[in-house]
Protein chains: 2
Amino acid sequence: MKQITIKDVAEAAGVSKATASRVLSGHPATSQEARKAVEAAAGRLGFRPNAQARSLRKTRTQTIGLLLPDVRNPFFGDLAHAVEQRARSFGYMTLFGNANENVEQQDEYIDVMLSQRVDGVIAAPQGDGGNLDQLLRSGVPVVFVDRVLDTMEVPSVSPDNSTGIHDAVKHLTARGHRRIGYIAGPQSTSTGRERLRSYKEALAATGADTDAELIFLGDFQAASGAEGARTLLDLPNPPTALLAADSLMSIGAVGVCNERGIAIGADLAFVAHDDIDAFNLINPPLTVIAHDIDAMGRLAVDMLMSVIGGGSPASNTIAGRLIVRGSTPEFEKERQS
Amino acid sequence: MKQITIKDVAEAAGVSKATASRVLSGHPATSQEARKAVEAAAGRLGFRPNAQARSLRKTRTQTIGLLLPDVRNPFFGDLAHAVEQRARSFGYMTLFGNANENVEQQDEYIDVMLSQRVDGVIAAPQGDGGNLDQLLRSGVPVVFVDRVLDTMEVPSVSPDNSTGIHDAVKHLTARGHRRIGYIAGPQSTSTGRERLRSYKEALAATGADTDAELIFLGDFQAASGAEGARTLLDLPNPPTALLAADSLMSIGAVGVCNERGIAIGADLAFVAHDDIDAFNLINPPLTVIAHDIDAMGRLAVDMLMSVIGGGSPASNTIAGRLIVRGSTPEFEKERQS
DNA sequence: CGATTCCATGGAATCGATTCCACGAGTATG
DNA sequence: CATACTCGTGGAATCGATTCCATGGAATCG
């Protein structure tokens, strides 16, 4: 199957390659007839410009890279969707890289993206060093999303990891909870670290119990949420409320409660992160700390466009807010005695 | 920021561009010294070959396109992950295109993928005609996944849309259900059509009620699942069991039951499609019709590699099996009276 | 020992689109 | 009426890597 090139179009239209190119890329200096002839020929032949050749000559590829830890995580799925739609509206393609929560795969994708000469990268980075350094030193515009690296000065859009958690802890203590278990995210990510810090601060501020055993360190995956729930519920003096640092771990933790016949909203209060569709499944509905994921994605793209255009946008945080639902009722003191 | 090219590497190593290229692409006819010098220079300079230039000269891009209706659908999220990981193992990048359940966006992405000269495309197509025709006529290897188009002769890997549904209906009737509501997928997709047909066949085979009003046509999105549940439950003679054609519509439908205080597994039997993680949230656990999504993704990639290699693999179906859990208990006849 | 093969190598062509430059025709200006 | 200017156009250079082809030196064979 021979690909048709601009040369074929030019010949069919009876003009030169240069003129054909000018018509097809909307250059103003073209005559009415040339335009008509070339457009007709291109349509008739089904001409489709070779993006490789074009990108080689121009230095732009109209492509951005999006580097995420895992698309199967609903949070990142939604984020990917938001980024992709926004990028599309700017005429950019999105090249997804799924690091699979794995630094080596992340390095590999950074490599590919640099080779593909993407015009910019939006990344939720994990670890530091490796090819991440090279990416930043390469001069390719980069915006971090959801997670940041303290060691690197890069514009970012990240969730507010403080307000929501403070509000959640305040809410729980106001309802009589003193033992609030926390299923934390990995401490190798800024989001994991900040949320854990906020939880500790909030405990201190409200006077709730601060035993170290109330904290379980997970990895943002469902299995670790399940393990966390088991560990915390098996404590000699178990928590009466659980707070989980992301949606997948919440899914795992709720699954364990279901297995054990622990009724969320009655036997145990539960606060999750992220207000994802799937939480519709649970009854009573979950109290969550929600961030506007769509806004995060859009903002990340807008900032990247600004960087590509030579700007240096300031970093942003996306507000987190507590949405109180049925999973965090009043705690009945008498259960303890 | 000047990009370093193979010319720079060649000069630094004291050899010609041709030799440098040979060393870097592992051509056998290279001397020990040349190899050492070039590799050292490439490493020192941090050389990263320009993928555009390479693809232009070779005719291969080592990239496949993956065209899906919506990554936010857990089914397609899992599928995307499976495809991407498998493609990676063959040394291929995956270019995602999110059609957003929208034929125009699908057309746009087909356009981009053809321009990018992807080596092959894996697609879950919607509608027919449009650029889909052009894609197939272009000679680019294509494999359909999850959905097929009858009008087009293309290797595909699709779920078995019959066995699981027959088993589910048999299971429900055996437990005393005669009125089984069905929330169908869009009839513009083969999966939607086949599952509806299987449902009708199964009703006929088991002697369950076959009122047309027991069928609600949804669109594979959560909102339509909710609407379907409302419509069916509001019937004068409502179903005692619900069957939904995908996971998102199940999420929507279950949400409505929760709102209305209808206890799934007690007041209403429920069978969902796809055994996704998020279903852990619900208690009692859902009876589902499950397909091995990972296997589907892997197989699609393997078949595409075969087509790229000049083969013409036969189409495959992935078995669907009923996994019985707590959401489909015995139906208590006396409730009806 | 002369003829042939083999191998590493560099120069040049190549992939397909864009763009610089030069040119001629037509129009406006002094 | 001559000069300057604009405008559409085609030829040729260009982007960066790969690959064909020719070359010279070393190795092999009769």
Side-chain angles (χ1 to χ4, degrees), chain A residues 1-39 41-42 45-63 111-112 114-119 138 140, chain B residues 1-39 41-42 45-63 111-112 114-119 138 140:
Chain A
M1 191 81 184
K2 194 195 160 287
Q3 291 284 357
I4 38 169
T5 71
I6 200 167
K7 187 154 166 267
D8 303 320
V9 174
E11 279 168 11
V15 298
S16 71
K17 277 176 20 179
T19 301
S21 169
R22 273 186 281 257
V23 169
L24 294 170
S25 52
H27 190 97
T30 49
S31 68
Q32 184 76 38
E33 312 111 72
R35 247 172 292 155
K36 274 218 320 233
V38 170
E39 270 156 18
L45 298 174
F47 171 66
R48 225 173 276 274
N50 183 318
Q52 266 75 37
R54 166 179 291 168
S55 306
L56 181 59
R57 184 61 235 257
K58 312 219 201 197
T59 31
R60 309 185 126 228
T61 52
Q62 294 294 313
T63 301
D111 214 77
V112 173
L114 286 173
S115 275
Q116 293 287 342
R117 301 293 192 268
V118 293
D119 293 341
S138 73
V140 174
Chain B
M1 192 79 183
K2 193 194 160 289
Q3 291 282 357
I4 38 169
T5 73
I6 200 168
K7 188 155 164 267
D8 302 320
V9 174
E11 279 169 11
V15 298
S16 71
K17 275 174 24 178
T19 301
S21 170
R22 274 186 282 256
V23 169
L24 294 170
S25 53
H27 191 97
T30 49
S31 69
Q32 184 75 38
E33 313 110 74
R35 246 172 292 155
K36 272 215 325 231
V38 170
E39 270 156 17
L45 297 174
F47 171 67
R48 223 173 280 270
N50 183 318
Q52 265 75 37
R54 165 179 291 165
S55 306
L56 180 59
R57 184 63 233 258
K58 314 219 204 198
T59 32
R60 310 186 123 228
T61 52
Q62 294 294 313
T63 301
D111 213 78
V112 172
L114 286 173
S115 274
Q116 292 288 340
R117 301 293 192 265
V118 294
D119 293 340
S138 74
V140 173

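Heavy atoms only: backbone and side chains are in, while hydrogens, waters and symmetry mates are out. Just so it is clear: chains get the letters A, B, ... in the order the sequence lines come, proteins before strands, and each one is counted from 1.
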side-chain N/O [X] vs [N] OP1/OP2, d < 4.0 Å:
X: A/Thr19; N: D/dT9; result: no
X: A/Arg54; N: C/dT18; result: yes
X: B/Ser31; N: C/dT9; result: yes

Considering only [options], which nucleotide approaches the side chain of [X] most closely?
X: B/Leu56; options: D/dG10, C/dC15, C/dG10; answer: C/dC15
X: A/Arg57; options: D/dT14, D/dG10, D/dG16; answer: D/dT14
X: A/Ser16; options: D/dG16, C/dA12, D/dG10; answer: D/dG10
X: A/Lys58; options: C/dA13, C/dG10, C/dT19; answer: C/dT19
X: A/Ser25; options: C/dT18, C/dG16, D/dG8; answer: C/dT18
X: A/Thr5; options: C/dA17, D/dG16, C/dG10; answer: C/dA17

Hey, could you give me the CG/CD distance between B/Leu24 and B/Glu39, rounded to the nearest 0.5 Å?
-> 7.5 Å

What distance separates B/Lys36 NZ from B/Thr30 OG1, expressed to the nearest 0.5 Å?
-> 13.0 Å

Within a strict 4.5 Å, meaning less than it, do heavy atoms of the A/Arg117 and B/Gln3 side chains meet?
-> yes

Beyond-backbone contact of A/Gln52 with B/Thr61, side-chain heavy atoms, under 4.5 angstrom | yes

Under 3.5 Å on both distances, the Watson-Crick or G-U partner of D/dC29 | C/dG2

How would you label the contact of B/Ala20 with the nucleic acid (heavy atoms, under 4.0 Å): base, sugar-phosphate, or nothing?
-> nothing

